[in-house]
Amino acid sequence: MTSAPSPERTLRVAVLGCGNVGAALVGILQSRADALAVQSGAHLDIAGIAVHDLDAPRPDHVPRGLLTTDAAALVADPTVDIVVELIGGLDPAGPLVRTALDAGRPVVTANKALLASPDGVALRTLARERGVDLLYEAAVAGAIPLVRALRESLTGERIRRVMGIVNGTTNFILTKMGEDGADYPSVLAEAQALGLAERDPTADVEGFDAAAKAAILAGVAFGYDVAGDDVFCEGITALGSSDAAVAARFGYVLKLLAIVERSGDDQLSVRVHPAMVPVSHPLAGVRDAFNAVFIEGEAAGELMLYGQGAGGLPTASAVTGDLIDATRNLLAGTTAPTPDRRPGRLRPLGEVRSAFTVSLEVDDSPGVLAQVAAVFGNHRISIRTMEQEETGEGAQLVFLTHQAREADMQGTLRELGGLRPVRRVGSVVRIVGEDRRA
Ligand SMILES: NC(=O)c1ccc[n+]([C@@H]2O[C@H](COP(=O)([O-])OP(=O)(O)OC[C@H]3O[C@@H](n4cnc5c(N)ncnc54)[C@H](OP(=O)(O)O)[C@@H]3O)[C@@H](O)[C@H]2O)c1
């Protein structure tokens, strides 16, 4: 058996950033150089590696001689063919990507923050105008081949909904709260000790990271330009172990979901919030820091993609796949398919329908239940089931509702908050995934 001939072409790759992902990518480019050359059609030479601090510690495999702090000069180097942006954030990543695209160089990036920013729309437009690739498989759900699956394999599919567990930190926290009965602060501390949560976990636990990914998914799956800031976003910080216990008692598992859903003919609902997911739903079994994205299409039915959503090496694997695509496309004088985008017409959250669980702390006295139930009725919300537990000082009521408009639920909560025997309106969690089509 003869092996495939080594290609004659060599392309020069600028790597911007040498942190978790950048250093792992450099390792893959070195250790798999021959295989990547055969797969992509060209030897991939690292032209330079831009970093912030030349003296920062790096893994041994990173060639010191290629490091530079002048990312702008590296991107402007006329001998560079492809740019890989792994710095993160908006600045200087955004201007660097713009310069590369403007010069007709393909860009591979893992930068969800940039892509979900208003600049992300402009950069995609620029790439299309210049006829070059801007590829970002690693920006959503790390190693999971999601963007390519949606853009290519499912391109003919009319997608109804994409729902994902796209943040490993929060999934780890919610898994521990559900399985060990632990409370949020102690599990967050454990996640930080394990390196699964940042010292400042805001972007993860408030849902902002998932919102950026939801915005990107809205573009890839539905062709709508949506900015991360326009995504309704509710994090997990208000949840406690009692919510996980409520979920378990009623046959659900708590998950933080990014949901992108066709709503009517021309509207999209894009939102991130904690959700009660039925234990029978495939997303309910996605534990710890794993990610998964559940896709519902009209013809294809249900699909789920599962894997590692973060980590240097898994993310670098997705970047490598994009780099091979960009190389092949450059050699062939073509680009990856980029369907036209429209500005997103977002359905107002108040119009979205969900079932809910609502927890209330109330006085333990006659007539309270009837008063509370009447408030739900006033707002056209029908109660599916209810559980009452004495707490010593009063009673805890947990209601499960049928599907209702979000605006009606908000009205209910406002009125309940003003009801004299209601001591506290506790958690209100949307129930998601009960409407699967067989
Ligand atoms: N880590 C993950 O699991 C993961 C998963 C999915 C997507 N991503 C995305 O991948 C990208 C990289 O993430 P990461 O975790 O590798 O980040 P990171 O570890 O913080 O690395 C960032 C790198 O950028 C360099 N850098 C910072 N400012 C710079 C500047 N002005 N000029 C040149 N270089 C500069 C840093 O240099 P120094 O090393 O000198 O400080 C560092 O090497 C981000 O967009 C992130 O959202 C990451």
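Remember, it's 1-based here, ligands and their atoms both numbered in the order they're listed. It should be emphasised that the depicted structure is a prediction, and the values quoted were computed from it without experimental measurement. In this chain, residues are counted from 1 in sequence order.
When hydrogens are left out, the protein atom nearest atom 21 (O) of ligand 1 is Gly19 CA, 3.3 Å; that is the closest non-hydrogen contact. The protein heavy-atom contact nearest to atom 5 (C) of ligand 1 is Thr315 OG1, 3.2 Å. Of the protein's non-hydrogen atoms, the one nearest atom 19 (O) of ligand 1 is Asn20 N, 3.0 Å. Given atom 12 (C) of ligand 1, the protein heavy atom at minimum distance is Leu86 O, 3.3 Å. Nearest protein heavy-atom contact of atom 9 (C) of ligand 1 is Ala110 O, 3.3 Å.
For atom 17 (O) of ligand 1, the nearest protein heavy atom lies 4.0 Å or farther away. Contact annotation for atom 31 (N) of ligand 1: protein present (non-hydrogen atoms, distance under 4.0 Å).
Residue Asp204 holds its CG atom at 4.0 Å from CG of Asn167, rounded to the nearest 0.5 Å. For the atom pair CG of Leu268 and CD1 of Ile259, the computed distance is 12.0 Å after rounding to the nearest 0.5 Å. Here the straight-line distance linking atom CG of Asp325 with atom CD of Glu137 works out to 9.0 Å at 0.5 Å rounding.
Atom CG of Asp102 has more than 12 neighbouring heavy atoms from other residues, nucleotides or ligands inside a 6.0 Å radius.
Proximity to Ala310 (heavy-atom distance under 4.0 Å) selects the following atoms of ligand 1: 3 (O). Atoms of ligand 1 lying under 4.0 Å from at least one heavy atom of Ala138, given by number and element, are 6 (C), 7 (C). In the vicinity of Gly88, heavy-atom distances shorter than 4.0 Å reach the ligand 1 atoms 44 (C), 45 (O). For ligand 1, the atoms lying closer than 4.0 Å to a non-hydrogen atom of Cys18 are 23 (C), 42 (C), 43 (O). Per-residue contacts place Gly311 under 4.0 angstrom from the following atoms of ligand 1 (heavy atoms of the residue considered): 2 (C), 3 (O). Ligand-side atoms of ligand 1 in range of Ala50: 33 (C), 34 (N), range being under 4.0 angstrom from any heavy atom.
Contact check for Asp77 versus Arg12: side-chain heavy atoms found under the 4.5 Å cut-off. Proximity of Leu86 to Val108: side-chain heavy atoms (C-beta onward) are nowhere separated by under 4.5 Å. Two residues are said to be in side-chain contact when any heavy atoms from C-beta on lie closer than 4.5 Å; Phe232 and Val272 fail this criterion.
In the candidate list Lys112, Arg58, His52, Arg58 is nearest to atom 39 (O) of ligand 1, counting heavy atoms. Of the options Leu25, Ile87, Val21, the smallest heavy-atom separation from atom 22 (C) of ligand 1 is shown by Ile87.
Between Thr357 and the choices Thr385, Leu400, Asp243, the side chain to side chain contact (heavy atoms under 4.5 Å, CB included) rule is met once, by Leu400.
Residues forming a side-chain hydrogen bond (donor to acceptor under 3.5 Å, both in side chains) with Asp408 (at least two apart in sequence, or on another chain): Arg380, Arg405. Residues passing the salt bridge (charged side-chain N to carboxylate O under 4.0 Å, His left out) test with Arg161, sequence neighbours excluded: Glu261, Glu296, Asp435.
With no hydrogens or angles considered, no side-chain donor-acceptor pair links Arg430 and Ser354 at under 3.5 Å.
Under a 4.0 Å heavy-atom criterion, Leu16 is not in contact with ligand 1. Under a 4.0 angstrom heavy-atom cut-off, Gly142 registers as lying outside contact with ligand 1.
The shortest N/O to N/O separation between Thr69 and ligand 1 does not fall below 3.5 Å. Checked against a 3.5 angstrom limit, the closest N/O atoms of Gly17 and ligand 1 fall outside it.
With a heavy-atom cut-off of 4.0 Å, Val51 touches ligand 1 through backbone and side chain alike.
The closest donor-acceptor contact from the side chain of Thr401 to the backbone of Phe356 lies under 3.5 Å.
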